[in-house]
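Numbers restart at 1 for each chain; the letters A, B, ... are given by sequence-line order, proteins then strands. In this text the structure is predicted, and so the values were computed from the model without any measurement.
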Amino acid sequence: MNDTVTLNDGSGGRQSARLIRKVFVRRFGIPLPLTDSAVLEEDGSLLAFTTDSYIVDPVFFPGGNIGKLAVCGTVNDLAVSGAVPMFISASFIIEEGFPLDDLEQIAGSMAEEAENAGVRIVTGDTKVAGRGKCDRIFITTAGIGRLKPQFRSIGTGNKVRAGDRIIVNGSLGNHAVAILGARHDLSFSTQVVSDCASMNHLIQLVLKECSEVHFMRDLTRGGLAAVLNELAQMTGKGMTIDERSVPVDSVVRGLCETMGFDPLHLANEGKIAYVIGESDYMKALEVLRNHPLGSGSAVIGHITDVNPGSVRLITSAGGTRIMEPPSGMLIPRIC
Amino acid sequence: MKYIEEFRDKDLIKKLIRHIGMVMRGKYVFMEVCGGHTSAIHRFGIPSMLPSGISLISGPGCPVCVTAMDFIDRAIVLAGYSDVIIATFGDLIRVPGSSSSLERKRSAGADVRIIFSPLDALDIARENPGKKVVFAGIGFETTAPATAVTVLQAGKEKIGNFYVLSAHKLMPPVMEAVAGGGTALDGFICPGHVAAITGSGIFDFLPEKHGIGCAIAGFEPTDILQSVLMLVRQVNLKSPSVEIAYTRVVNAGGNRIALKAMSEVFEPCDTSWRGFGRIAASGLKLREEFAGFDAERRMPVEIPQGIENPACICPDILRGLMKPCECTLFGKGCTPDNPVGACMVSSEGACNTHYRYNIYE
């Protein structure tokens, strides 16, 4: 009975990874490990290249809209690979009947965010689908950025070693909660605003000041738990995370308690996990905390040689357990 | 978060654990009946902190886990009708029936919606007058009152396209089945939110008839540890009783409004449980005057004869006779991504929580 694609396959967790490996990786001959951007070498210079599609319901949400998201997401995918994002493409699939005002507002946000990030939207495509053939608007962006050779292994985590510290640049889960709240289908409304932001300038600052940035990844679908488990699998290292030191806003935490969600599984659009060498992480923390997009930064754990391939969580209660990767869609608990 | 952080106080937790260690005189096996407890125990890493002489085993209080396959199959058949919308609680959509699941039906085009409250199903019915909206209701005394209130509201508004497919169940009969079923137990950690509705008295028969002590617990680490301490003491003193470790929510009388709604709408019936088979007067069905809302009566369907995977030991796990890691399928043929038994589906299921949170050395 396992022969159709389900929503779980698109949730960013284990099932998504399995689908990509099973269907695409072998056929396309993509080298492992899978990273946020491909690194391309041409005449001795390196380019990072990435693409991402955006479907979001609702199209407008507190803190942004699908257009802003489409620019930030691709900028961030390039930036966490260590690249300086330069050019972006934008393709639109628009449902017949979509309000022109909304489309203009979305395009305006994209232009504004591209300017913030210092990238140019240079090419694109527009298709209109008949009513009901697509859900309002889907956007695909692709981007290229210049990558210095010394940052080449950041996306792969090859340099990650025991003792490295894991830092996140602020509270987790706000984007997911803002979207769920705006959807009004879970019987709550919140004041939580999405953290959607282009992180490339801050990332470049960190790279400039710290020579021991060993890995970066944006904490989008699947959240922190998905990224750390993937890194553990990629590197064969272990990790220990202290739940009490993971920043989560109290509104988000309260909502997670009520709905049975784990903030470590929630999507973010402006949060990065940094893995930084022992001698350099305090400097990185200082740089991050001095920037508006990193003022809530915290060291949340470290890399270990023990427990290879697995992420351990010291719970808020003081116990120890596995920090499991998310599986399938977020589903509210029953009682 | 006020009123939560206090119950997760690390120092208090350490103190409680030390205290438990001090009063222990041997080995103890306690069953946490409620799936919410199973989930909390593992999520907070409590097994890694407890003295080794204390074993906590999961019981039959995960609503998804104990829901019989014929109920899932019935919901799946109904989901196949083009004029039916199935509304249900999250985890249920993943439970495998005999040949499919609600999730699979949805990916094939069925209208299956996840809701947070039964009242949401009523909203869907109002918004879709041309469709029949079937709320697949599961859960114990905790969730049944909300279903009852929804049925009463539907009656008041004369909403003709709302139906309930009820697999609501009662806690005492299944605890009786465990207590009398050969599981070696020194005490029950009793479900706090069931007791909040019913009052603490529903567990009195356990110490009185079976000599098994009970501690009604909340869902924070200190609540659970306090209930463990209470049970250890009861065993030591050989004086089983019903104690409340959740006095901020539970009292002897329960929630009279919820109980009234429940008894107005539902009456007890014999029902099937995964793991236990048929248990007399352990289910809740709509009373005759609400038969118009009863999906089983109003929309009769032929359902396939469900066959459980014979290698799956969910039935023994639900009765506390075996542990998830003793199953040959556990973590191999059966994972949360591809569950065989219901205990691997629900986030409150024993197999699911063991798989997600436990450390295997």
- [ ] Could you tell me which portion of B/I93 (side chain, backbone, both or neither) has an atom closer than 4.5 angstrom to a non-hydrogen atom of chain A?
- [x] side chain
- [ ] Below 4.5 Å from any heavy atom of chain A, which atoms of B/L12 appear? Answer side chain, backbone, both or neither.
- [x] neither
TODO: Measure the spacing between NE2 of A/H265 and CG of A/D262 and express it to the nearest 0.5 Å.
DONE: 4.5 Å
- [ ] Inspect the contact between B/E220 and B/R8 and indicate whether a charged nitrogen and a carboxylate oxygen are less than 4.0 angstrom apart.
- [x] yes
- [ ] Can you tell which part of B/P221 gets under 4.5 Å to a heavy atom of chain A, answering side chain, backbone, both or neither?
- [x] side chain
- [ ] Side chain from CB out, backbone as N, CA, C, O: work out which of these in B/I46 comes under 4.5 Å of a heavy atom of chain A, or both, or neither.
- [x] neither
Open item on the list: Whether the side chain of B/D111 engages the backbone of B/I85 through a donor-acceptor N/O pair (distance < 3.5 Å, no angle test) should be reported.
Closed with: no
Open item on the list: Looking only at heavy atoms and a cut-off of under 4.5 Å, which of A/S316, A/G260, A/S310 has the most pairs with chain B?
Closed with: A/S316
Task: side-chain hydrogen bond (donor to acceptor under 3.5 Å, both in side chains) partners of B/D73, counting only residues at least two apart - done: B/S98
Open item on the list: Taking side chain to side chain contact (heavy atoms under 4.5 Å, CB included) as the definition, give me every residue that meets it alongside A/T140, ordered by chain and number, with sequence neighbours left out.
Closed with: A/T51, A/S53, A/S91
- [ ] Decide if atom CG of A/L34 counts as having more than 12 heavy atoms of other residues, nucleotides or ligands within a radius under 6.0 Å.
- [x] yes
Task: Contact origin within B/R113 toward chain A - heavy atom pairs under 4.5 Å - done: neither
TODO: Heavy-atom distances under 4.5 Å only: say whether A/V5 touches chain B with side chain, backbone, both or neither.
DONE: backbone
TODO: Name the region of A/L7, side chain, backbone, both or neither, that has any atom closer than 4.5 Å to a heavy atom of chain B.
DONE: side chain
